[in-house]
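Have a look at the structure below, then the notes.
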Number of protein chains: 4
Amino acid sequence: MHPDKKQTIIEAAMELFADKGFEGTSIRELAAKAGVNIAMVNYYFGSKEKLFEAMVEEKSTYFRERLNSILIDESKNELQKIDTIIEDYVNRITSQHKYHRVIHQELMLQQRESLHENIIAVFAKNKEVLKKIIDQGVKKKVFRKVDPELTIVTLFGTMHQALLSKSMCKFLIAKDANFDPYTDEAFKKRLINHIKQVMHAHLSHQP
Amino acid sequence: MHPDKKQTIIEAAMELFADKGFEGTSIRELAAKAGVNIAMVNYYFGSKEKLFEAMVEEKSTYFRERLNSILIDESKNELQKIDTIIEDYVNRITSQHKYHRVIHQELMLQQRESLHENIIAVFAKNKEVLKKIIDQGVKKKVFRKVDPELTIVTLFGTMHQALLSKSMCKFLIAKDANFDPYTDEAFKKRLINHIKQVMHAHLSHQP
Amino acid sequence: MHPDKKQTIIEAAMELFADKGFEGTSIRELAAKAGVNIAMVNYYFGSKEKLFEAMVEEKSTYFRERLNSILIDESKNELQKIDTIIEDYVNRITSQHKYHRVIHQELMLQQRESLHENIIAVFAKNKEVLKKIIDQGVKKKVFRKVDPELTIVTLFGTMHQALLSKSMCKFLIAKDANFDPYTDEAFKKRLINHIKQVMHAHLSHQP
Amino acid sequence: MHPDKKQTIIEAAMELFADKGFEGTSIRELAAKAGVNIAMVNYYFGSKEKLFEAMVEEKSTYFRERLNSILIDESKNELQKIDTIIEDYVNRITSQHKYHRVIHQELMLQQRESLHENIIAVFAKNKEVLKKIIDQGVKKKVFRKVDPELTIVTLFGTMHQALLSKSMCKFLIAKDANFDPYTDEAFKKRLINHIKQVMHAHLSHQP
DNA sequence: GATGAATGAGAATTCATTCAT
DNA sequence: CATGAATGAATTCTCATTCAT
């Protein structure tokens, strides 16, 4: 029964931290949402901050183990690998947008900066994989030389900008108010196509 | 002395809100930073939230009045206009990064959502200007047809991702620790070049 | 222009103190209601408490000078004098109900007790007049011997109980909601008749 | 330990609200008087206002359940019932004078008016019982026809006027200063006799 | 292990008052 | 004379955390 409750708390925390921020979320409402006793958070995690760290750690562990499979997939050429990464990312972010929102917020604040290292490490690893793919493409002369760090920044940045704010989503989709942008397949497709188009153009040799 | 103090408070607020978030900033420390009495915030603005609104309003007013000059500049062709916008944006965001950070955070939270409208409106106006430029380019057959909303999303998204987090900046620049990324001209140039490259490739006809 | 502003403040104070109590009224709203500067209250009266005292003093001075005329009126017998007093009181309280409410409240609290003396003195004087009338009636054998203090307590108590609470008024009148009980002549007449009836029965010899 | 502390707080609140009014009482001193932590009031009751409501509710519940026993007592005739009610009321008010003071104050203010309904309901029920007794007496031709609402107003009003203000009590008793009027049996008897006399005269047929 | 009660520190805000002009 | 700005003290209330059971 331990891990279940811990998990319930973490899920509730992610939900609330994403919507209200870390400081904007009180342990009281967090416990209420998770359906556990107020004292449980400190009991299990030691403090509100430690809970936050646990949440980040758990989720980032989950994300760390991806991507390599794409890298070594020999059935795809470099451009196809890029396409797969784009699709993969968009799907990840839409399905886990609350978590990405929390991370994104956290990275902008100058508090709990010890966590930044952790987050940046994940980002760095992703960059490395992408860099390897690009380097292969360059070696094979199918790609031109680009800035690998900033290329992944454009990749992530576009997705984050498009997906992490509900208000922004609504503006971009321009449809009736209260529907969930994160399950709208048409928008996901539109976004994937756009990023592919940008990346193809960016990576391919110019005329 | 009236407007000065108000301004001092707003500046201190922006600084702290950017670094610690709205809820993470207490009026106490805000007043201390601004060098005013603790009661002044409520005296001038009525509440912490109203101060926040005042800050957003003031700054967004400032940003609303740009961009049109670029649109109507007849000495530039469409691609040059895009380039100018990119340079303009990067300069703006680096010089006002704290403000952009606050706005960016705010847009992700589901609190004080009444402000989102205001913020999105500024974004929408920027998009309109960009769209006009793109449309002109398309009509003149120098640009291909692209998704205008998502194109500006990529533009903003890349900059925000690269600039709004200090940790991200440091990772990207990969230089010694405590130097200020927002005054590093080399990095700015690198970023501008990257975005220009991406945009040129994206907008121009493919081979 | 002095006395006018002072008067305006006193009137506003009476209004607000009656509805919200002394502590429940802030100088800010008081000044707003009176249409004067916030600093005027302290400027004219020295403090909020002194304003209160000034208000009580002024109004009680006004009420102190009544009643003697009734006492010495030779055209009326004792019962007629009692009747006149009842009518006079009911009219006074209805027309000055806010003030009476303030006084009544004040007398119940154990704060600013120095004012109680003042208020009780007015009450005492009223009692003295009534006592003289009753004593005359007793001497003429038209009244029986009664407790003069408690008789005036019944007199005042009935009126206060009936008139000083709007909710109580509404309950007693049992009419449609938002009308002003203090201008309802029918209710005033009903109240006067009741008190006269009570007093006549109380003072006259029993069968 | 739960109900005890709640009760302690309620008792302290009644004490202080009676002496200083609701707004004149701070949670700080309330907690100090009750000997509990300053946060307990909000912990138990949610807010100062809710504490007030809880106090009123609890006490009014207590008073709601009386009186009917007198109504159905077949061993007493109507006048005896009235006498019993008078004695009962005077005893109640003297023993619970703080509570009655709070209620009485509250009814005069135009704040927290939602509570008025509650209070008036208790008053209304008392009136109904009294009205039934009077109606019986009228039917048996031992009473004359009177205004039942205002008759109970006189009953309550006299007691409130005599008992709810310490200063008024002292004036009426005219004895040495610091003794407690609420335990002075002589004064209670005097008051009871006066009210009985008034009510007998008021209700019986006139000569 | 698990929890409801309890708490001290600190939050935002409002207050009556003062003071420079 | 009169006032808007300014302030320190005090307000209610919420917070994360602890502790006895």
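Letters go in sequence order (proteins before strands), and every chain restarts at 1.
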- prompt: Which residue lies toward the 5' end of DNA chain F, A:Gly46 or D:Glu23, if each is placed at its nearest nucleotide?
  reply: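 Per heavy-atom nearest nucleotide, the more 5' residue is D:Glu23.
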Could you state the [atom1]-[atom2] distance from [X] to [N], rounded to the nearest angstrom?
X       : N      : atom1 : atom2 : value
D:Leu51 : F:dT12 : CG    : P     : 11 Å
C:Asp4  : F:dA2  : CG    : P     : 12 Å
A:Lys50 : F:dA16 : NZ    : C1'   : 13 Å
B:Leu16 : E:dA11 : CG    : P     : 13 Å
C:Tyr43 : E:dT17 : OH    : C1'   : 15 Å
C:Ile27 : E:dT14 : CD1   : P     : 16 Å
C:Asn42 : E:dT17 : CG    : P     : 5 Å
B:Arg28 : E:dT13 : CZ    : P     : 13 Å

query: Just to confirm, is there a sub-4.0 Å distance from OP1 or OP2 of E:dT3 to any side-chain nitrogen or oxygen of A:Lys5?
result: yes
- prompt: Taking OP1 and OP2 of F:dC1, is either one under 4.0 Å from a side-chain nitrogen or oxygen of C:Tyr44?
  reply: no
Which of these nucleotides, [options], is closest to any side-chain atom of [X]?
X       : options                : answer
B:Lys48 : F:dT3, E:dG4, E:dA12   : E:dA12
A:Ala39 : E:dA2, E:dT7, F:dT18   : F:dT18
C:Ser26 : F:dT17, F:dA16, E:dC15 : E:dC15

[X] with [Y]: basic N within carboxylate O range, under 4.0 Å:
X        : Y        : value
C:Lys50  : C:Glu57  : no
B:Arg112 : B:Glu106 : yes
C:Glu11  : C:Lys33  : no

message: Counting only Watson-Crick pairs (N1-N3 plus N6-O4 or O6-N4) and G-U wobbles (N1-O2, O6-N3), all under 3.5 Å, who is the partner of F:dT18?
response: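 The answer is E:dA5, by the H-bond criterion.
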query: Want to settle it: does D:Met40 or C:Ile38 sit nearer the 5' end of DNA chain E, counting the closest nucleotide to each?
result: D:Met40
message: If you assign each of B:Thr25 and D:Asn37 to its closest nucleotide in DNA chain E, which residue comes earlier from the 5' end?
response: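 The residue closer to the strand's 5' end, by nearest nucleotide, is D:Asn37.
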message: Please determine whether the number of non-hydrogen atoms from other residues, nucleotides or ligands lying under 6.0 Å from atom CD of C:Glu117 exceeds 12.
response: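 Not buried by this count: 12 neighbours or fewer within 6.0 Å.
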task: Taking the six-membered ring for Trp and the single ring otherwise, decide whether the centroids of A:His160 and B:His160 are under 6.0 Å apart.
output: no
